[in-house]
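Basis for what follows: all heavy atoms, side chains included, without hydrogens, waters or symmetry-related copies. All values reported here derive from a predicted model rather than from experimental measurement. Below, chains carry the letters A, B, ... as their sequence lines are ordered, and counting in each starts from 1.
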There are 2 protein chains.
Amino acid sequence: MPPPSARQPRAALAPAAAPTLSGAVLEHLRRDILECRWSPGARLRFEALRAHYAVGISPLREALSRLAVEGLVVGVDRRGFRVAPVSLDDLDEITDLRCEIEGLALRWSIERGDDGWEAAIVASFHHLSRVDSELPGRVPRLSDEWERRHTAYHQAMAAACGSARLMQLRAQLFDQTNRYRRLVIAYSKVPRDDRGEHRALMDAALARDAERAVALIHRHIRHTADLVRAIYGAKGAETLARAAGRVRARPAAARRAA
Amino acid sequence: MPPPSARQPRAALAPAAAPTLSGAVLEHLRRDILECRWSPGARLRFEALRAHYAVGISPLREALSRLAVEGLVVGVDRRGFRVAPVSLDDLDEITDLRCEIEGLALRWSIERGDDGWEAAIVASFHHLSRVDSELPGRVPRLSDEWERRHTAYHQAMAAACGSARLMQLRAQLFDQTNRYRRLVIAYSKVPRDDRGEHRALMDAALARDAERAVALIHRHIRHTADLVRAIYGAKGAETLARAAGRVRARPAAARRAA
DNA sequence: ACTCCGGAGATTTTCGAAAATCCATGTTGA
DNA sequence: TCAACATGGATTTTCGAAAATCTCCGGAGT
């Protein structure tokens, strides 16, 4: 009988323990892509993934198929999958759509939100604010933990919109923006008062001032896009793609694009 | 050497010939669900699907996984997949969101559309109008062909919005409404001038009157929802689900919900 | 120099069976 | 009577290998 840890320790799959291998590798792969552990545009070969995640091809195919529908990977029949590439045009498209979608979710939330919604916003904002003092790393905003709390904050803002589909949609678009956010955090010289932006947004929402809140979230969203453009607008698109490959999070084992 | 048609004729897969079995079964399964050949809420067992589509489990799993992300099937880890159920609450949610999304796509299209966009609208409207005289069936609006042309018409309206993501999103929501549309067509006693609605919408778009066009598409979308509610609002939710199971298209081999 | 072909290796896709899990049913014990 | 539990068939999930396809590279012919 082989010892329990005969093979690779499976790279600590399952953030919240998906009962299925497929689900676990899906979540893990999604995080790895969002944090650029697999570079934008990189080829995702089954053999490499199999070795990295210590699973067979079946769960991998299923995970990649789902991610393809989500837009995080691009698959072409019979010639494999790659990580969805990044580009300024793509960023523009996401940004425009995200303004509308997040704006809508926020508007509906402000209409329909109750005390619980307000409380959750305050809590998540507080939690997000504390990350700077709690986390020792040099760039806390690139940490897993900051991203988690940032995600939770924006989700809390939209949570009372009353539409599960809208929530899922905005979460997807939020995810798709993640890699661009990392670029700004890593390379932008301009200091950004994101805490202030988040606080102003929260205040407007709690004051039930939909117009102001929507204007603020638009500015918040466009701000990121503007900063990316400020850095990479002049340089070629290649630069952006390559830079994205360098902001990968720590436990990296991913090779760059082929 | 076995003859080309040694095994089952594979049920005429591949509307536009997806090169991959997985892709073909995905498209086929999607159509079958949209046309209620598998009843809303019905259990989708691999063995039954394997027999019906004459493919192995791997392509089926991939297709179901994708459809789950699209929202057309619901999967629960380790206890299989079912066709997404229908309900009045679900219809309300889709309707509200679809008004916003289709409205947005239309608005952007009207801003950005060129001659080619206009021409495509006129063409698709004409094509859609002709279906009544061309198709001999008793209820042409339940036919594959009408659905195809109706889909094409609404896609043409949105086509100039400039965002591939928005196009995909609106297509998904349009699909998710399909089963409710079929219910109205099959059971509503109120005669509906859908041709008139489509014409008015087209005219407003071609006149570049965004406000009017958006108002019209809202009315168009809500009209369907109102008719469903008129039929099933009083009766229990069960009735609606069961009725949906009866509007399935012809080459039916699908059993009802388990 | 350049295009077209052919073959070897790499890669994806699919199948069939093994393993793991679920579910309905009947049984035990209080 | 009833809840907890065991049991066997049904079902999903996963693997490993076979089949199909793609990609790259060198050679032939123009």
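Contacts of B/W117 classified as ring pair (Phe, Tyr, Trp, His ring centres under 6.0 Å), with partners at least two apart in sequence or in another chain: none.
In this structure, A/W146 has its ring center at least 6.0 angstrom away from the ring center of A/H127.
If you take CD on B/E100 and OG on A/S163, they are separated by 10.5 Å, rounding to the nearest 0.5 Å. In this structure, CG on B/N178 lies 10.5 Å from OG1 on B/T224, to the nearest 0.5 angstrom.
Using modelled atom types, one finds a donor on one side chain and an acceptor on the other under 3.5 Å when comparing B/R98 with B/T177. Judged by distance alone, the side chains of B/Q155 and B/R170 never bring a donor and an acceptor atom under 3.5 Å apart.
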Could you go over nucleotides 6-8 of chain D and give all protein N or O partners under 3.5 Å, atom names and distances?
none

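Salt bridge annotation for B/D175-B/R181: absent, with no cationic side-chain nitrogen under 4.0 angstrom from a carboxylate oxygen.
Rounded to whole Å, atom P of D/dT14 lies 15 Å from atom CD of B/E62.
Mapping B/P19 and A/G23 onto DNA chain D via the closest heavy atom, the residue that lands nearer the 5' end is A/G23.
Between the side chain of B/Y180 and the main chain of B/L88, no donor-acceptor pair closer than 3.5 Å is present.
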*Scan nucleotides 8-13 of chain C nucleotide by nucleotide, 5' to 3', and note B when protein non-hydrogen atoms come under 4.0 Å of the base, S if they reach only the sugar-phosphate, - if neither.*
---SSB
